There are 2 protein chains.
Amino acid sequence: MKMEDHSFLKSETIENVSRIFKVLADPTRIKILYLLSQEECNVNHIAEVLEMSQSAVSHQLSMLRNLRLVKYRREGKTLFYSCDDEHVISLLKQAIDHSEHH
Amino acid sequence: MKMEDHSFLKSETIENVSRIFKVLADPTRIKILYLLSQEECNVNHIAEVLEMSQSAVSHQLSMLRNLRLVKYRREGKTLFYSCDDEHVISLLKQAIDHSEHH
DNA sequence: ATTATATATGAGCATATGTTCATATGTATG
DNA sequence: CATACATATGAACATATGCTCATATATAAT
C-alpha cells in the first residue's frame, strides 16, 4: 500500500481516543466506574467499598468530572455521583466481558 | 446498597482490563494498531508512515507481541507484522467511531 | 568471511501518573 | 458564630512510561 492510499486518523481523533482509553487504563478508575454503573454513590461510600482514601477517590472523581464521564447531585453535605457517559461504560463492560470469558 | 450486595470484579479481571486499555491509551500504539488493522506491514514501513524512529516502533511492537496483540511472519530479512486480536481492534474501532461522530 | 540491510534490545532520561499528607471549602446544626 | 461532617484541592513523592542513543542480532549477498 502506498503512503497516499492510507486512511489516516485525524490527530484530534487520536487524541480523543487516547484520552478515553487512558481513563479506562487505571484499576482504580475501572472500579469506580464499574461501581457507579451499578448504583449512584457518595464519595465516602466509594472510598469504603473500594478501600481507598477519601482523598484518592476525590482526586479521581475530579478527573472523571472534568472529562464528563460522571455527574453528581448534592443532598445536604453529601454528593451523589453517577455515570454520565454510556459509551465509555459500554467499552468498559465489553472489555470486562471479554476478559471473563476467555 | 449494602457492601455484601455488590457484584465485585475479580482482581484478575481488573488487571486484564487495565492491561488492554493501557495498550490502547497511547497515541503511537493507536496509530500502529490502526495501520496494522488495514494492512500487514514491515517495521520500516510503519516507521516511515508514522514518522517514528525504527527503534521506537520496534520497542512498541515488542510490547504488542508480548501481549499477543500482533503476530509476524518473516520474509528474508523483513518481518511483516499484523493484528492478532480482533477484540482489541474492535474496541479501538468503536472508540474511533464514537470520537468521529460526536 | 565480510559487508549491508532489517530488526531487536538495553541503558538512560524526561515526562506523566496516582497516591498521601495537610489543609481548604462548603453545608448543616447547636 | 462555632463546630462537625462531607468533599475538594495543592504540593510532594515514588513509580511507570515512551523515547533516544548506542549496540546487538539475524539474514542475505558478494
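Each chain gets a letter, A, B and so on, in the order the sequences are listed, and its residues count up from 1. Every value quoted in this text rests on a predicted model; they were computed, and no experiment measured them. As a basis for the values below, the full set of heavy atoms in this structure was taken, side chains included, without hydrogen atoms, waters or symmetry mates.
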Are any of [X]'s side-chain N or O atoms less than 4.0 Å away from OP1 or OP2 of [N]?
X: B/R29; N: D/dG18; answer: yes
X: B/Y81; N: C/dA8; answer: yes
X: B/N44; N: C/dT5; answer: no
X: B/S53; N: D/dT20; answer: yes
X: A/Q60; N: C/dT17; answer: no
X: B/S55; N: D/dA22; answer: no
X: A/Q54; N: C/dT20; answer: no
X: B/R74; N: D/dA26; answer: no

**Message:** Looking at B/R73, I want to see if its CZ is surrounded by more than 12 non-hydrogen atoms of other residues, nucleotides or ligands under 6.0 Å.
**Reply:** yes

**Asked** Hey, is OH on A/Y72 packed in by over 12 heavy atoms from elsewhere, all under 6.0 Å?
**Response** no

Quickly work out the [X] [atom1] to [N] [atom2] distance and round it to whole Å.
X: B/M63; N: C/dA8; atom1: CE; atom2: C1'; result: 17 Å
X: B/F21; N: C/dG18; atom1: CZ; atom2: P; result: 15 Å
X: A/I46; N: C/dT19; atom1: CD1; atom2: P; result: 13 Å
X: A/K22; N: C/dA16; atom1: NZ; atom2: C1'; result: 9 Å
X: B/M52; N: C/dA8; atom1: CE; atom2: C1'; result: 14 Å
X: A/E75; N: D/dC5; atom1: CD; atom2: P; result: 19 Å
X: A/I14; N: D/dG18; atom1: CD1; atom2: P; result: 15 Å
X: B/I32; N: D/dG18; atom1: CD1; atom2: P; result: 11 Å

Considering only [options], which nucleotide approaches the side chain of [X] most closely?
X: A/H59; options: C/dT5, C/dC21, D/dT20; value: C/dC21
X: B/S62; options: C/dT9, D/dA11, D/dG18; value: C/dT9
X: A/V43; options: D/dT17, D/dT7, C/dT7; value: D/dT7
X: A/A56; options: C/dT20, D/dT20, D/dT17; value: C/dT20
X: A/T28; options: D/dA28, C/dT19, D/dT7; value: C/dT19

**Under 3.5 Å: donor-acceptor pair, side chain of B/S37, backbone of B/Y34** = yes

**Prompt:** With a 4.0 Å cut-off on heavy atoms, is B/T78 in touch with a base, just the backbone sugar-phosphate, or nothing at all?
**Reply:** sugar-phosphate

**Toward the 5' end of DNA chain C, by each residue's nearest nucleotide, A/G76 or B/S58** = B/S58

**Test item: B/R68 and B/D85 side chains (from C-beta on) under 4.5 Å apart, heavy atoms** = no

**Prompt:** How far apart are the C-alpha atoms of B/V43 and B/L61, what are their side-chain angles, what is the distance that settles it, and do they pass the side chain to side chain contact (heavy atoms under 4.5 Å, CB included) test?
**Reply:** CA-CA 8 Å; B/V43 181; B/L61 287 173; 3.8 Å; yes

**Message:** Test of understanding: clusters of I, L, V, M, F, W, Y form through side-chain heavy atoms closer than 4.5 Å, transitively. Do A/V49 and A/I30 belong to the same one?
**Reply:** yes

